[in-house]
Each structure stands twice: as C-alpha cells, then as structure tokens.
Amino acid sequence: MRKLNPLLKRGLKAVENGDLVKVLQTEIRHEISHPRFHGVETGSLGDFKLDWDSPESQDIVLKRQFVSGEEVVVSALLQPEPIELDDDLVFPREALAKVCIKKPGISSILQFHCRVYETGSGSSHFDVEKARFIRSLVSASSSTYRDNFLRPIDFKLGHELRHYLISKGISEGLTNFIVCHLNKKEQDQYVNWLRKLESTMSHSPKP
C-alpha cells in the first residue's frame with residue numbers, strides 16, 4: 001500500500017472534529033476524478049497468459065507454454081519503496097520479477113531474479129540480477145543439492161542472460177505490462193481501502 005498523500009494526512013486531524021468521513025470522501029473523489037495512469041502504455045502479454053491476479057494480493061503470475069512442453073512462469077510484485085520520478089517517468093514503483101524456466105521431462109528449474117523498471121514514456125527495461133538452479137528435491141541427495149545456488153550476476157553474464165530471457169518471450173511489451181499493471185493494481189487497492197475505511201467510519205456509532 002502506498003503512503004497516504006498530503007490531503008489525507010491533513011485529514012487525520014479531522015478525526016478530533018468528527019470530519020474524517022468527509023475527508024475520506026474528498027480523497028476518494030480526487031483519486032477517481034484524477035486517475036494517475038490514464039492513457040499510459042499498458043504493454044502486451046504476448047504469448048503469456050495472466051494466470052494469477054487476485055484483487056487482495058500484491059503479486060501477479062504469468063505463464064507461457066511452448067509447443068515443445070517447455071514452460072516459462074513469471075511472478076512479479078512492486079518494489080516496496082517508490083523511486084524519485086523525473087519528467088519522463090509515470091510509474092512511482094519498479095517491479096521485482098522471478099522468471100522460472102522448466103524443460104519438459106526435467107525436474108530441475110532455472111530461476112532468474114530480475115528488476116523491471118520504466119525507462120521513459122511507453123518503454124521499460126529489465127536487468128537480470130541473480131540466477132538460481134533448483135534441482136528436484138525428489139531426485140537430489142544432500143551431496144548434490146549444492147548445485148542449488150543464488151548469486152549476483154556480473155554485467156557481461158547479465159547481458160547474455162537477458163537476451164536468453166528475451167528469446168523466451170520476456171519482451172519490452174511484457175515488461176511494460178508488468179510495470180503498468182502492478183502500479184494500477186496498487187492504485188485500485190488504495191482506492192478500495194479508502195472506500196472500506198469510509199464505509200466503516202460512516203457506520204460507526206457517534207460519540
């Protein structure tokens with residue numbers, strides 16, 4: 001949940017005067033009449049499908065199945081802290097994504113930890129920051145499970161792994177979708193929270 005904006009912060013003092021409901025209603029009207037991300041580039045899922053997107057959760061899950069049986073799964077959520085916006089950026093938060101790739105007939109999984117961020121109007125980028133090889137717990141003994149690693153990626157290897165993930169469908173259209181959808185999702189959750197709070201306060205007993 002993003003931080004309360006100055007209007008709502010000022011309204012906290014209104015609790016003492018019994019005017020919090022009015023402040024909440026003003027905030028809700030402001031958020032609805034001034035949508036933060038109206039008309040921005042929404043991106044494209046490409047060959048992925050949105051497999052999980054609960055209104056109550058912070059994350060989403062995207063899946064793609066190749067004809068060969070290979071499966072690519074992307075889970076993503078917003079960074080906890082907002083970034084400092086400049087004039088070319090719209091979205092206040094970057095995204096963290098885990099990309100998992102599983103080959104048919106093989107129980108092990110390749111997992112890549114990525115940072116997804118907006119670079120300008122209608123454009124985005126992703127960096128591969130860590131990589132992990134996950135063996136099957138069923139087939140891997142304690143002596144072989146050392147192959148399960150999670151380590152930072154240097155620039156050169158990260159560049160190569162990024163092109164590998166692009167070949168699996170992690171396109172700019174998809175990263176645009178991830179950044180846009182998650183920021184819009186947080187905005188919707190914020191408005192819903194305001195509405196629930198306003199409803200609770202409206203029906204609470206008067207002192």
Side-chain angles (χ1 to χ4, degrees), residues 1-9 24 27-28 30-64 72-101 109-132 150-153 158 161-162 165-166 168-197:
M1 184 69 63
R2 63 184 175 88
K3 297 179 180 178
L4 302 182
N5 73 15
L7 176 62
L8 191 53
K9 286 182 178 179
L24 290 170
E27 174 71 358
I28 292 169
H30 172 80
E31 292 293 331
I32 293 175
S33 61
H34 298 83
R36 304 180 69 192
F37 311 123
H38 177 71
V40 300
E41 171 62 47
T42 57
S44 170
L45 284 171
D47 293 320
F48 282 82
K49 67 176 182 178
L50 190 58
D51 191 66
W52 166 263
D53 185 20
S54 170
E56 291 77 27
S57 70
Q58 296 181 344
D59 64 325
I60 58 174
V61 177
L62 313 171
K63 286 187 179 181
R64 179 184 183 183
V72 181
V73 179
V74 181
S75 62
L77 75 169
L78 291 179
Q79 286 266 28
E81 294 299 324
I83 61 174
E84 292 186 8
L85 290 176
D86 58 34
D87 293 338
D88 295 328
L89 302 181
V90 176
F91 302 110
R93 295 186 191 273
E94 299 177 347
L96 300 174
K98 291 182 181 180
V99 182
C100 296
I101 299 177
I109 296 174
L110 287 174
Q111 185 183 85
F112 304 92
H113 291 213
C114 304
R115 182 171 67 97
V116 185
Y117 52 95
E118 182 186 16
T119 55
S121 178
S123 61
S124 60
H125 191 84
F126 75 94
D127 295 324
V128 182
E129 298 186 332
K130 295 180 181 179
R132 187 177 191 179
L150 180 64
R151 63 179 59 172
I153 300 297
L161 291 177
R162 181 176 181 277
L165 292 182
I166 290 174
K168 300 301 179 181
I170 314 300
S171 63
E172 185 176 29
L174 189 69
T175 55
N176 282 346
F177 174 85
I178 289 172
V179 172
C180 178
H181 188 82
L182 286 175
N183 276 276
K184 285 185 174 181
K185 181 183 178 74
E186 185 192 49
Q187 173 70 9
D188 290 343
Q189 290 175 338
Y190 173 64
V191 174
N192 288 337
W193 176 78
L194 289 174
R195 284 172 167 160
K196 289 179 181 178
L197 182 58

Main chain of [Y], side chain of [X]: is a donor-acceptor contact present, judged purely on distance under 3.5 Å?
{"X": "Gln189", "Y": "Ser57", "value": "yes"}
{"X": "Asn176", "Y": "Ser44", "value": "no"}
{"X": "Gln79", "Y": "Leu96", "value": "no"}
{"X": "Arg93", "Y": "Asn183", "value": "no"}

So do [Y] and [X] actually touch side chain to side chain, heavy atoms under 4.5 Å?
{"X": "Arg162", "Y": "Cys114", "result": "no"}
{"X": "Glu172", "Y": "Ser124", "result": "yes"}
{"X": "Phe126", "Y": "Val99", "result": "no"}
{"X": "Lys185", "Y": "Leu78", "result": "no"}
{"X": "Asp127", "Y": "Tyr117", "result": "yes"}

With rounding to the nearest 0.5 Å, note down the distance linking [atom1] in [X] to [atom2] in [Y].
{"X": "Leu45", "Y": "Ile178", "atom1": "CG", "atom2": "CD1", "result": "9.0 Å"}
{"X": "His181", "Y": "Asp188", "atom1": "NE2", "atom2": "CG", "result": "8.5 Å"}
{"X": "Ile153", "Y": "Glu129", "atom1": "CD1", "atom2": "CD", "result": "10.0 Å"}
{"X": "Leu50", "Y": "Lys63", "atom1": "CG", "atom2": "NZ", "result": "11.5 Å"}

query: Taking everything shown except Lys98 itself, do over 12 heavy atoms lie less than 6.0 Å from its NZ?
result: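 No, because the 6.0 Å sphere around NZ of Lys98 holds 12 heavy atoms or fewer from other groups.
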
Exercise for the section: Using salt bridge (charged side-chain N to carboxylate O under 4.0 Å, His left out) as the criterion, list what pairs up with Asp47, not counting sequence neighbours. Expected result: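 By the salt bridge (charged side-chain N to carboxylate O under 4.0 Å, His left out) rule, Asp47 matches Arg64.
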
Report task. Only one of Val128, Leu110, Leu174 passes side-chain contact (heavy atoms from CB on, under 4.5 Å) with Leu165; say which it is. Result ->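 That would be Val128.
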
**Study point:** Listed partners of Phe48 passing ring-ring contact (aromatic ring centres under 6.0 Å, His included), at least two apart
**Key:**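 With sequence neighbours excluded, Phe48 shows a ring-ring contact (aromatic ring centres under 6.0 Å, His included) to no residue whatsoever.
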
Assess the residue pair Phe112 and Ile101 against the criterion (side chain to side chain contact (heavy atoms under 4.5 Å, CB included)); give the C-alpha distance rounded to whole Å, side-chain angles, the decisive distance to 0.1 Å, and a yes or no.
CA-CA 9 Å; Phe112 304 92; Ile101 299 177; 4.0 Å; yes

Mind listing the closest non-hydrogen atom pair of [X] and [Y] along with its distance?
{"X": "Ala95", "Y": "Leu182", "result": "CB-CD1, 3.9 Å"}
{"X": "His125", "Y": "Thr119", "result": "CB-CG2, 3.6 Å"}
{"X": "Gly120", "Y": "Leu89", "result": "N-CD2, 3.8 Å"}

### Message
Suppose we screen for side chain to side chain donor-acceptor pair (under 3.5 Å). Which residues come up paired with Glu94, at least two apart in sequence or across chains?
### Response
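In terms of side chain to side chain donor-acceptor pair (under 3.5 Å), with neighbours along the sequence ignored, Glu94 is linked to Arg115.
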
request  = Could you check Ile109 against Val73 for side chain to side chain contact (heavy atoms under 4.5 Å, CB included), going step by step and ending with a plain yes or no?
outcome  = CA-CA 11 Å; Ile109 296 174; Val73 179; over 6 Å; no

